[in-house]
Amino acid sequence: MRHILKTCVAIAAFAVAVLTPASAQPIAIINAELHLAGSANNPRTIQNGSLVIDNGRIVSVGANVVAPANAQVIDAKGQPVTPGLFAPVSGVGLVEISLNSEATERSADDDFPLSAALDAEDALNTDSSIIAISRTAGLTRAYVAPTTGGKLFGGCGTVIDFSGSADPVTKSCVGQSVSLGFSGSTVAGGTKTGMMSLFRIYLEEATVYAKDPAEYRYMAAASDLSQADLKALMPFVRGEKPMFVEVHSAPDIRRLIKLQDDLGLELVLVGASEAWRVATELARADIPVIINPTDNLPRRFETMAATLENAARLEAAGVTVSFFDDDVHNVRLLPQLAGNAVANGMSHQGALAAITLNSAKILGLENQLGTLQAGKIADIVVWDGDPLELSTRPVSVIINGKVMSLENRQTVLARRYRELSRGDKPHAYRGE
Amino acid sequence: MAIFVGTQGQKKNNRHLTRALALLFLAGCGSGEKKDEKNADGSVQSMLTNPYPSTYEPYSGEPTVITGATILTSTGEVIENGAIFFRDGKIEAVGKADKIDAPKGDVVTIDGAGKFVTAGIIDNHSHLGVYPSPGFSSTSDGNEAVSPNTANVWAEHSVWPHDPGFTRALAGGITSLQILPGSANLFGGRAVTLKNVPSRTVQGMKFPDAPYGMKMACGENPKRVYGNKGGPSTRMANFSGYRSAWIDAADYKKKWQDYAEKSGNGEEADAPTRDLKNETLAGVLAGDILVNMHCYRADEMAQVIDMSKEFGYQVTAFHHVVEGYKAADILAENGICASVWADWWGFKLEAYDGVRENAALIHNQPDSCVIMHSDSGVGIQRLNQEVAKAVADGRRIGIDIPPEEAIKWITANPAKALGVLDKTGTLEVGKMADLVVWDGDPFSVYTKTSKVFIDGALMYDADDTSVSPRMDFEVGQQANRTTGGAGQ
């Protein structure tokens with residue numbers, strides 16, 4: 001992807017700067033079935049392999065790697081070891097309770113004047129319980145993005161790690177949230193014609209503004225977009241950063257591909273129920289797609305061709321695919337989504353790559369994350385079985401080279417109420 | 001289920017109908033079983049006729065034997081290298097492949113090697129048909145959110161039998177399901193239990209002789225929806241709303257009982273005026289209609305249980321029960337099923353304390369009744385996966401639930417909560433041949449259904465598109481020409 005190529009050098013420097021200091025002692029994972037999670041056409045698994053982590057990074061990985069004498073050793077007991085799971089879009093850190101306005105930050109009110117200028121990082125709750133709960137399930141990193149509220153744009157999102165650190169940001173303002181398709185039309189006069197016109201006008205205004213703010217002032221005011229929004233859109237209209245666009249139908253996607261060609265935008269499609277119908281064009285245009293592989297209902301006309309085989313068909317066409325679920329609290333179910341993609345024709349390696357490497361690619365971080373390779377940030381999960389299987393859970397989760405606790409408030413609550421008897425003291429005194 | 005009753009052939013005779021209604025409340029019949037009772041005048045009174053009776057008829061199937069499969073019977077048994085034989089819609093034999101009576105004559109034999117057979121999957125919390133696909137405002141028929149008490153509405157009058165979601169559920173192994181009204185209201189209305197066989201009419205899907213259910217809701221939903229519409233705006237007003245309604249219903253029931261007594265004694269008596277709300281609520285008090293109550297918090301469930309004792313009814317199942325693990329003993333002691341998700345949590349504050357071990361912790365109580373439900377057109381397609389996750393999380397805290405027990409969560413236990421366990425929900429001789437052939441272990445993410453039989457008829461075959469229903473909405477659509485059949 002073009003934007004990734006442009007930005008990866010800058011990120012390499014940046015990522016080092018934000019890494020949480022790792023423990024001095026190296027970590028060696030031995031006796032592992034290493035899922036290197038290369039690309040789907042280069043599936044590489046090493047049996048009985050080892051992997052060494054030092055100073056937050058993977059320093060060596062392979063069949064003949066020897067653990068340093070001073071290393072903390074984790075015996076994988078022959079079980080799979082994979083890159084940490086990476087959610088390519090989510091609301092973790094922006095939403096605590098979805099239906100309570102007191103506890104959501106993801107979406108501005110419909111009549112709030114700003115949109116593209118909003119930045120998820122300003123609202124990020126680095127203490128969200130969802131972070132630790134997701135980490136226990138093997139999630140190590142996520143792109144956290146606002147949704148669009150009553151506008152076409154929602155603002156920019158940020159990539160964070162799930163270490164629980166006070167500064168979890170891996171990469172700031174990565175992409176811009178955009179709603180097209182039916183959900184966009186409902187906030188743009190009720191039609192897709194209005195929506196696309198408005199979208200083009202916004203982009204044109206931002207383009208003019210990006211060239212010369214003075215010239216912009218002479219434009220006839222055509223839209224309601226604030227100057228702050230236009231300013232925020234500059235890197236997106238220049239094609240330097242991707243827009244994450246919710247869109248579903250094949251005709252809408254084709255329209256968007258044309259727009260991309262005309263304007264030189266970087267696009268990532270989100271939802272994309274009918275993407276498989278446009279798979280060849282998407283592959284040619286190098287547009288990645290983030291889907292829910294269980295999306296198979298004709299909820300609207302624009303999802304008439306939703307099918308469980310979407311992932312497999314996109315993979316076959318060479319499209320970069322990743323997975324998401326709308327449920328912020330269950331970003332931890334990425335492996336189940338991937339497993340269902342496999343059940344419906346996708347390769348196992350491709351499905352694992354979808355929730356590791358492909359997320360990293362989409363976010364321009366594939367040089368830093370997403371595979372088990374020397375030099376990369378050590379986000380690693382040791383599993384107790386096939387990582388995509390329903391009965392499998394992590395036995396060890398490492399983020400930025402540090403072994404993480406697998407405790408969270410849910411594990412504490414379950415322990416607290418394991419015994420229901422009245423006891424010596426009330427439950428409120430138990431189980432911390 | 002006999003809230004509307006009448007003598008056979010005289011359904012339109014009001015006098016008979018109202019008298020039968022009174023008889024019902026007098027009898028207080030507690031099950032959906034067909035009851036014939038002698039009237040005072042000696043005629044036989046059928047208690048089961050209702051104005052929207054089931055017209056479901058099983059499709060015919062070949063006598064079939066599946067051999068060599070692993071069979072989870074839902075009676076707590078697993079049969080390796082097992083066989084099951086069914087004919088004329090009923091299971092005739094289940095056992096070891098080399099032990100069951102070899103059927104004679106023309107019998108279809110299915111090689112079950114490497115496959116699993118379970119009872120048909122049953123979801124006791126679905127909104128298919130009332131919130132169908134496409135999900136337009138014109139099809140949003142699941143929640144009469146205009147008044148906190150809409151016990152008068154019946155979900156079956158909203159069900160669109162052509163919802164494509166039914167076909168996706170079928171491909172996921174669903175053979176029966178309860179369609180509930182939504183949870184905005186204290187009393188949401190009557191639920192209906194369906195066989196998952198497509199039909200032109202809802203009546204054609206109604207599970208014959210299944211009792212009715214009624215939907216109630218605790219907590220946040222009613223107060224959120226009605227807080228600015230005259231109330232309830234607090235949980236205490238939720239309770240006052242329930243209790244006032246039960247007082248009215250008890251009064252209504254008594255009026256009909258008095259009337260039945262008088263007319264039974266040959267005295268002149270005027271039948272009370274019918275009231276749809278109270279008919280349903282009085283049906284609950286009489287034990288004919290099963291209460292399904294949406295409730296997340298343990299403390300609220302404990303309050304509801306006290307209320308049920310105050311008014312003399314039984315809660316059949318709490319639904320969602322995200323805090324069930326905090327009250328697992330109380331639920332079990334009171335004989336209430338807990339209808340749960342594996343891992344949904346956090347979308348409301350009352351669902352904030354969800355734990356992945358919830359189902360296992362509830363199951364771990366003696367005489368517990370765990371049900372895995374969907375409340376989702378997506379989740380209903382793979383309830384087996386929800387069970388698998390919850391079992392895995394139980395194992396991690398030392399609660400081992402073998403597959404032959406866990407399968408009950410989506411078969412026998414929902415059948416029990418729907419009042420149809422005597423007919424379906426297990427693989428036992430004499431029961432409806434509602435069963436699923438899986439192409440592997442049903443608790444693996446990679447496993448899919450191979451065949452689904454309902455009343456012995458093959459209704460879904462993963463390998464044969466001619467045995468894969470396509471609803472009207474999807475027929476002839478250019479966009480989905482190559483998407484596949486029911487499972488899409």
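Quick note on labels: first sequence line is chain A, next is B, and so on, each numbered from 1.
In this structure, a donor-acceptor pair under 3.5 Å is absent between the side chains of A/His329 and B/Tyr352. Judged by distance alone, the side chains of B/Gln381 and A/Thr294 never bring a donor and an acceptor atom under 3.5 Å apart. For the 3.5 Å distance criterion, the side chains of A/Gln410 and B/Asp353 fail to qualify, holding no donor opposite an acceptor. Side-chain atoms of A/Tyr417 and B/Asn358 include no donor-acceptor pair closer than 3.5 Å.
Interface summary for chain A: among B/Val355, B/Ile330, B/Asn364, B/Thr167, the most heavy-atom pairs under 4.5 angstrom belong to B/Val355. For the set A/Asn296, A/Thr307, A/Leu388, the count of heavy-atom pairs under 4.5 angstrom toward chain B peaks at A/Asn296. The candidate from A/Pro335, A/Ala103, A/Pro298, A/Ser98 with the greatest count of non-hydrogen atom pairs under 4.5 Å with chain B is A/Pro298. Contact count versus chain A (heavy atoms, under 4.5 Å) is highest, among B/Gly346, B/Gly354, B/Pro134, B/Ala392, for B/Gly346. Across B/Phe347, B/Tyr446, B/Tyr325, B/Trp345, the residue that shares the most heavy-atom pairs under 4.5 angstrom with chain A is B/Trp345. Contact count against chain A (heavy-atom pairs under 4.5 Å) is highest for B/Gly487 among B/Ala360, B/Ala390, B/Gly487. Most heavy-atom pairs under 4.5 Å with chain B, from the set A/Arg277, A/Glu309, A/Glu96, A/Arg415: that is A/Arg277. Options B/Glu474, B/Arg396, B/Glu386 differ in how many heavy-atom pairs under 4.5 Å they form with chain A, and the most are formed by B/Arg396. Note: B/Arg168 leads B/Arg481, B/Glu357, B/Arg168 in heavy-atom pairs under 4.5 Å with chain A.
If you measure heavy-atom distances from B/Lys326 to chain A, the contacts under 4.5 Å come from both the backbone and the side chain. Heavy-atom distances place no part of A/Arg416 under 4.5 Å from chain B, backbone and side chain included. Looking at B/Leu349, the atoms closer than 4.5 Å to chain A (heavy atoms on both sides) sit in the backbone and in the side chain alike. With a 4.5 angstrom heavy-atom cutoff, B/Gln477 touches chain A only via side-chain atoms. In this structure, chain A has heavy atoms under 4.5 Å from both the backbone and the side chain of B/Ala328. Contact annotation for A/Ala338: neither backbone nor side-chain heavy atoms come within less than 4.5 Å of a heavy atom of chain B. For A/Asp384, the part lying near chain B is the side chain, with the backbone staying farther off; criterion is any non-hydrogen pair under 4.5 Å. Neither the backbone nor the side chain of A/Glu102 comes within less than 4.5 Å of any heavy atom in chain B. Neither the backbone nor the side chain of A/Ala250 comes within less than 4.5 Å of any heavy atom of chain B. Interface residue A/Thr392: only backbone heavy atoms are found under 4.5 Å from chain B. For a residue to count as touching a neighbouring chain, one of its non-hydrogen atoms must lie under 4.5 Å from one of that chain's; by this rule A/Leu333 touches chain B with the side chain only.
Shortest non-hydrogen contact noted between B/Arg382 and A/Asn340 is NE-OD1, 3.3 Å. Minimum heavy-atom separation, B/Lys348 to A/Ile97: C-CG2, 3.3 Å. Contact between B/Phe443 and A/Leu390 at its shortest, heavy atoms only, is O-CD1, 3.7 Å. Residue B/Arg395 comes nearest to A/Ser391 through the heavy atom pair NH1-CB, 4.3 Å, listed as atom of the first residue, atom of the second, then distance. In plain terms, the two heavy atoms of A/Trp276 and B/Thr482 that are nearest each other are CH2-OG1, 3.1 Å. Between B/Gly165 and A/Leu297, the shortest heavy-atom contact is CA-CD2, 3.8 Å.
With A/Glu389 contributing its side chain and B/Val445 its backbone, the two residues share a donor-acceptor pair below 3.5 Å.
The OG1 atom of B/Thr483 lies 10.0 Å from the CG atom of A/Leu308; values are rounded to the nearest 0.5 Å. Here A/Leu99 contributes atom CG and B/Glu220 contributes atom CD; the two are 8.0 Å apart, rounded to the nearest 0.5 Å. A distance of 9.0 Å separates CG of A/Asn330 from CH2 of B/Trp344, quoted to the nearest 0.5 Å. For the atom pair B/Ile397 CD1 and A/Arg418 CZ, the distance stands at 5.0 Å (nearest 0.5 Å). Distance CG/A/Asp386 to OG/B/Ser444: 8.0 Å, rounded to 0.5 Å.
Other residues, nucleotides and ligands contribute only 12 or fewer heavy atoms inside 6.0 Å of the CZ atom of A/Arg255.
Residues B/Gln365 and A/Leu420 meet the side-chain proximity criterion, which asks for heavy atoms closer than 4.5 Å.
For B/Asp393 and A/Arg393, the salt-bridge test passes: some basic side-chain N is under 4.0 Å from an acidic carboxylate O.
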